[in-house]
Amino acid sequence: MNPPLFPDPPKMQGQRQRLLAELRKEGITDERVLEAIGKVPRHLFCDSTLQDMAYKNIALPIADGQTISQPFTVARQTELLALPARNPRVLEIGTGSGYQAAVLCAIGAAVFSIERSEQLHRSAKELLQRLGYRLWLRLGDGTKGWPQYAPYDAIVVTAGAPAVPQSLRMQLEVGGHLVIPVGTQTTQTMLRITRTGPDSWSEESHKTFKFVPLIGEEGWNAGA
Ligand code: SAM
């Protein structure tokens, strides 16, 4: 017999509900985002030795020295995307474990996600397929975006950048939002860039976060 598509024991479901209550308390109000987080089995995106910690509101280590973002960060970034109600198209930079991509799929978005680590790209692809999520995944440098499928209603960068990559600005739909942490390699301010016209963008700053570095042609140098 095949294993169930979502091994999701009641214990994990209960922990997920408690996480939702915590996210509400921390100020997440977008019901679409909360509903999606309530559906995605985060424990399956964590290392098997850390599954008991999966519904704590903390980032956890994944392979290749990277992290699965804290649930609050995933919720806040997704909320800031302010996705259109119908068929949003979202580009994610930094597939990592695949969790954020699964949350975006659960909202109903068409998701395009790029990862630079081959190991993470392969494992996320295998897991997302096994769980039945349908999306576009690519191995490569996400700082250049994915021009083939542009423009996007929203772009989310899940690694910390030294500056906003021009390629990503150019791949946004007019009216769309780019949510990206920008700063040093240790702390970044969450920016929301909105494309207001073919050659114009507005920018607003949100709180401070700590992400692993965005490494690539329009990001940090590898080894810097
Ligand atoms: N969104 C992920 C999740 O849900 O697990 C968390 C991502 S982790 C905080 C950041 C990821 O960005 C890492 O997996 C890292 O390898 C990746 N990354 C860094 N620079 C990148 C680049 N230029 N293009 C694509 N991925 C990149």
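Order of appearance sets the numbers: ligands from 1, and atoms from 1 within every ligand. Atom set for the values below is all heavy atoms of this structure, side chains included, hydrogens, waters and symmetry mates excluded.
For atom 4 (O) of ligand 1, the closest heavy atom belonging to the protein is Q100 N, 3.0 Å. Given atom 22 (C) of ligand 1, the protein heavy atom at minimum distance is I215 O, 3.5 Å. Remark: minimum distance from atom 5 (O) of ligand 1 to any protein heavy atom is reached at S97 OG, 2.6 Å.
The part of T95 lying near ligand 1 is the backbone, judged by heavy-atom distances below 4.0 Å. Proximity of L120 to ligand 1, defined as any heavy-atom pair under 4.0 Å, is confined to the side chain (atoms from C-beta onward). Here R116 has heavy atoms under 4.0 Å from ligand 1 in both its backbone and its side chain. With a 4.0 Å heavy-atom cut-off, ligand 1 is reached by no atom of A59. Contact annotation: for V212 versus ligand 1, heavy atoms closer than 4.0 Å belong to the side chain alone.
Within ligand 1, the atoms closer than 4.0 Å to a non-hydrogen atom of G140 are 24 (N), 25 (C), numbered from 1 in the order shown. Which parts of ligand 1 touch Y99 is read off a 4.0 Å heavy-atom cut-off, strictly below it: atoms 4 (O). Close contacts of ligand 1 with I68, meaning ligand atoms under 4.0 Å from a residue heavy atom, involve 5 (O). Atoms of ligand 1 found under 4.0 Å from any heavy atom of G142, numbered from 1 in the order shown, are 22 (C), 23 (N), 24 (N), 25 (C). Of all atoms in ligand 1, listed by their number and element, those nearer than 4.0 Å to a heavy atom of T67 are 6 (C), 7 (C), 8 (S), 9 (C). Using a 4.0 Å cut-off to heavy atoms of T143, the atoms of ligand 1 that qualify are 23 (N). The contact set between ligand 1 and S69, taken as ligand atoms under 4.0 Å from a residue heavy atom, comprises 6 (C), 9 (C).
Looking at E218 and K144, a side-chain N of the basic residue comes within less than 4.0 Å of a carboxylate O on the acidic one, giving a salt bridge.
F112 and W146 have perpendicular rings, their planes meeting at more than 60° on a 0 to 90° scale where under 30° would count as parallel.
Annotation: salt bridge (Lys or Arg N to Asp or Glu O under 4.0 Å) contacts of R76 (sequence neighbours excluded): E79.
Note that OG1 of T189 and NZ of K207 are 12.5 Å apart. Values are rounded to the nearest 0.5 Å.
Geometrically, ligand 1 and S117 share no nitrogen or oxygen pair separated by less than 3.5 Å.
Side-chain atoms of T158 and Q100 include no donor-acceptor pair closer than 3.5 Å.
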